[in-house]
Amino acid sequence: MSSLDDQYNNFLEELEQKPDVRKLQAQLASKKTAPSSSLDDDPMADILQMAEEDNRISRMRRNPVALSTTRVDAGMEEMETDAAGDGPLTELNPNDLKRRVLVMKSGEADIVLEPEKALVYTCFNTTYDRAALNRADVWHQIMVHHDGKFKKDEILEGFFTLISTEDFYPVAYRQHTNIDFFLVRLCSKALVKLFDKNLKLAMAGSQDPVKLTVKLNAAKFAQGQIHPPTKLFAAVAERSENAVMYGFSNLLNLDNFRKHSEFEELCVFLGNRAHLELVCSSINRLEEVRTKVNAIKLTNNSIAHISPLVAIKDLPIQTLDLKFNRIKHPASLRPLKGCGINELYIEGNGIVDVPGYVDVLKEYFPNVLKIDSTFLGSLARKQTQVSAPARIGGDDEVEVTSAGEIYSCVNGIVEDANTFKKFKFNTKWHMVVVVHDGRYDKGEVLDALATMLDGFDFYPCYYKTYSKQDEFFVINCYEALAHLVQAKLALRMKNTNELISVVLKMNVAEFKEGQVVVEEKLNNCLVDRFNDRCLDLCSLQQHLDKIKFVDFTARSTRTLSRILSIAGKKFGPVCLVIRLRNNGLKNLQALSALFGFPKLMSLDLRYNELSTFDDLQGVMKNKIKELFLDNNPVCNAAASTIDYIRHVRNHFSSIERLDGMPLLENGNVNFAQNYICTPEAYKFTESFVKHYYTIYDSFQRSSLRDLYHAKAQFSMTCNFGQSKTMDSHQVRLNAYQGKSRNLLKIANVDRIISSLVVGNERIANVLVSFPKTEHDFYSFRVDTPIFRPECVVITVHGAFKEMANSLLSDDFVLGFTRTFYIQPCAKGLGIFERAIEFKIFNDVFHMYTLSTYGRDQVFKHHDEPEQTDPFVPHSEERENTIIVFQELTRLTRKWCMRCLEESSWNLKVALNIFLKLYEEDRIPESGFDSATAAAAASTQTQKR
């Protein structure tokens, strides 16, 4: 401990004496490549050189021996230099014996690697030298042979998953295309664990471990080189000294601590108990924490071990924020039992899935008043009484009984702002007055407040509008009001960018039974929103607008998060589908609450305002298999479909269907039945194809002339095999061959020209000369790759049946592909003046013989009643039924469709069909998903 105290004192002395030159170093480095004349002209050149010299002298003071030795060695032998993040990634030769200088970007003395002196161990040689392993005066090098399959964060996650409690501080992490490496020291227990695993590191999501190479004694440790405990203390001290920059002066914000700027050359992971112990020890030693800080934020740090927090148990901490860590059970917090905290935040941890966890935590922390968004104590009891069935949605008015304490901004200063902290645990009504002088209405004011206070709980109640100002009441929203005070009680309006004044009147009334309870209002909005395992929150704002006396904003992160949290408690264990269409969502931060839906398979986010792929962040690790993002700007954020899928899968790694399309195993989109380039083309394509082929199959085929332009062109090709016997089929096929314009087979130029049919009259005559046909609309695949105001291209693939021309002949089926080039040619008249008349300008028709399998697949639906339009995708109800049936039976989607179609989409009948087929062993192993196929095969074997 005395050694740490000395380092702490030295750190403070250097901080006071030495100017911060790190920012100037980057500028100086850019100047080095410039001509000398430009340096002479630059007035900052001398200052930058002085800064560099000061940095060199400072490093010399810390480690004069190491620096001088490095320069001597450099003169004797060629060495490579290596700095973190400098230049593109290169390939590393693990057997290279060249000495290398690792330049420390964080300012410490460089480390010189000496490979020729190291003891090398691989998975083929794990009998290590214990004496070398325990040396304290050397660095050990660990090489990770990832071959480009894993990134730095994934590799470190693998190490800290294995080494969760021992001292292990990776230093000078360097990345290469094939191998990453870093240095460690004084971590013999961690190294022994690696050797016990045969120098193979298990990686999440991969069955094959990553091979490691350990080089003991790879470099000498010298005074002035990086020291992890000192770096951790410096980072905690910086967060404490600059608390206002990271939130509030009374808050020690250690959110996502591993990203701190001090850790350029040190890998920190608070999920490791040793790392967290050092941080807590540093907090305990800082006098500023004892005198100024009463809240500590440790969110997003992968913390699983709570015992190190005992070191700060006796500090005057009122708020402890542990959201989005890895705390699995309430018993994990037992070491902190008796701690005097008033607020505890544990959202995003496994602990919230444990039944009765709130009661357990109340026992551990008797003074706690709030756990996440749940208030305990007197207010909670009152709200519980109000929530009785007879009082749901209490709307009694707030009776103002006091003028309250007024906070306003005068000349840019909020008087007594420092005293606002006393309202933190206040449970009374407060009045908010927005002074707009009649220039803004209620909707504009609420929109501005929602934008400014998006990350806070803030729900205006009993909103009243006056000519010059608006007034409303709020309760239990200290953080939002504190943010307003910090912003000098100024509200920026969205359209005009004008700042208008806000006045706060605190403690104007007591909460009474029968008044608005926000939790109940949100709970009430979920009524009739859950059916058939589907939570439908589409167009949520329309429903929220109907709620009396409270104004909610659906796009607010906190509002939506709270709604999902409530829904998760009620429906989470059985919910499979969530729809969030038309909610104006600009990001998915609110969807962090989806951890309450463990079986969620489908998420619908269509018609929102997600603009970039970064906006998809917020959904924690999930098993969502189906995702809809149609009609969001993010759909056009990628250069290609492959890039689009790749970016989406970075956030939703388990998806199998994206925007209604199945994905192949390699992540690419599967083929589509129809390709329509834009939604606007659906109606046009459907109308044209139906109209054209309905007339073609009728006795009025000659009227097709009106669909062609006067100068339209038509050509036909066919590819039929020649038969030696001239039967009736071959005779009819030869009739088509006579009109075929296959340029590869026609040598006569005159025939090539004459076989091109020009003019709508001639085209109609040719079409009428063809035999009577019947097209199978169910066989159609329709593509519309171009849909522009100036032209439309439609390609139809399918099959048609040529009707028998006598009793002695039979119908026969042919396949075809037909491409229409369509252009507008005129506008309508009179009441149809807005209509545009389109004509076919080019028609390319190709016919071919279907295979035996192809002939068997067509014309199967004619005796069945029409159920769906072939151009319209399955309805949402059918998609939900598929998801529910798949969850119940564990069948593949293909087999689910078979059972449901056989039962006419009756779920109960489909389940009976499934049970009958299963009992008769008629479902193959491939009919089940991979997770249950093995179990099904075993069961069927036992039956046999």
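Just so we're clear, the structure is a prediction, and the values are computed from it rather than from any experiment. All heavy atoms count here, side chains included; hydrogens, waters and symmetry mates do not.
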[X] side-chain N/O to [Y] backbone N/O, donor-acceptor pair under 3.5 Å:
X      : Y      : value
Asn608 : Arg606 : yes
Arg579 : Ser602 : no
Lys546 : Gln541 : no
Asn583 : Leu540 : yes
Arg657 : Gly660 : yes
Ser653 : Arg649 : no
Thr717 : His846 : no
Asp776 : Phe800 : no
Asp659 : Phe628 : no

Tell me the closest heavy-atom pair linking [X] and [Y], and the distance in Å.
X      : Y      : value
Val574 : Arg533 : O-CD, 3.3 Å
Pro824 : Glu790 : CD-O, 3.4 Å
Asp697 : His775 : OD1-ND1, 2.8 Å

### Task
Ignoring hydrogens and angles, state whether a donor on the side chain of Ser698 or Gln700 is under 3.5 Å from an acceptor on the partner side chain.
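No pair is found: no donor N or O on one side chain lies under 3.5 Å from an acceptor on the other.
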### Query
Judged by modelled atom types alone, do Tyr607 and Asn582 share a side-chain donor-acceptor pair under 3.5 Å?
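The answer is no; no qualifying pair exists.
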### Query
Around atom CG of Asp532, are there more than 12 heavy atoms of other residues, nucleotides or ligands at under 6.0 Å?
no
Atom pair [atom1] ([X]) and [atom2] ([Y]), whose distance is rounded to the nearest 0.5 Å:
X      : Y      : atom1 : atom2 : result
Leu767 : Met716 : CG    : CE    : 10.5 Å
Asn842 : Gln823 : CG    : CD    : 10.0 Å
Leu900 : Arg893 : CG    : CZ    : 10.0 Å
Ile563 : Arg529 : CD1   : CZ    : 9.0 Å
Leu591 : Leu605 : CG    : CG    : 6.5 Å

Parallel, tilted or perpendicular: which one describes the rings of [X] and [Y], with boundaries at 30° and 60°?
X      : Y      : answer
Phe714 : Phe845 : tilted
Tyr693 : Tyr696 : tilted
Tyr692 : Tyr708 : perpendicular
His647 : Phe613 : parallel
Phe571 : Phe530 : parallel
Phe777 : Phe780 : tilted

Charged N to carboxylate O under 4.0 angstrom, [X] versus [Y]?
X      : Y      : value
Arg818 : Asp843 : yes
Glu802 : Lys772 : no
Glu887 : Arg890 : yes
Asp536 : Arg581 : no

### Query
Below 6.0 angstrom between ring centroids: does that apply to Tyr848 and Phe816?
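No.
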### His709: which of Phe841, Phe820, Phe838, Tyr821 passes ring-ring contact (aromatic ring centres under 6.0 Å, His included)
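Passing option: Phe841.
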### Task
List the steps, then state whether side chain to side chain contact (heavy atoms under 4.5 Å, CB included) holds for Ser611 with Val634.
CA-CA 4 Å; Ser611 300; Val634 70; 6.0 Å; no
### Task
Apply side chain to side chain contact (heavy atoms under 4.5 Å, CB included) to Ile695 and Ser703, showing your working.
CA-CA 8 Å; Ile695 296 176; Ser703 63; 3.4 Å; yes
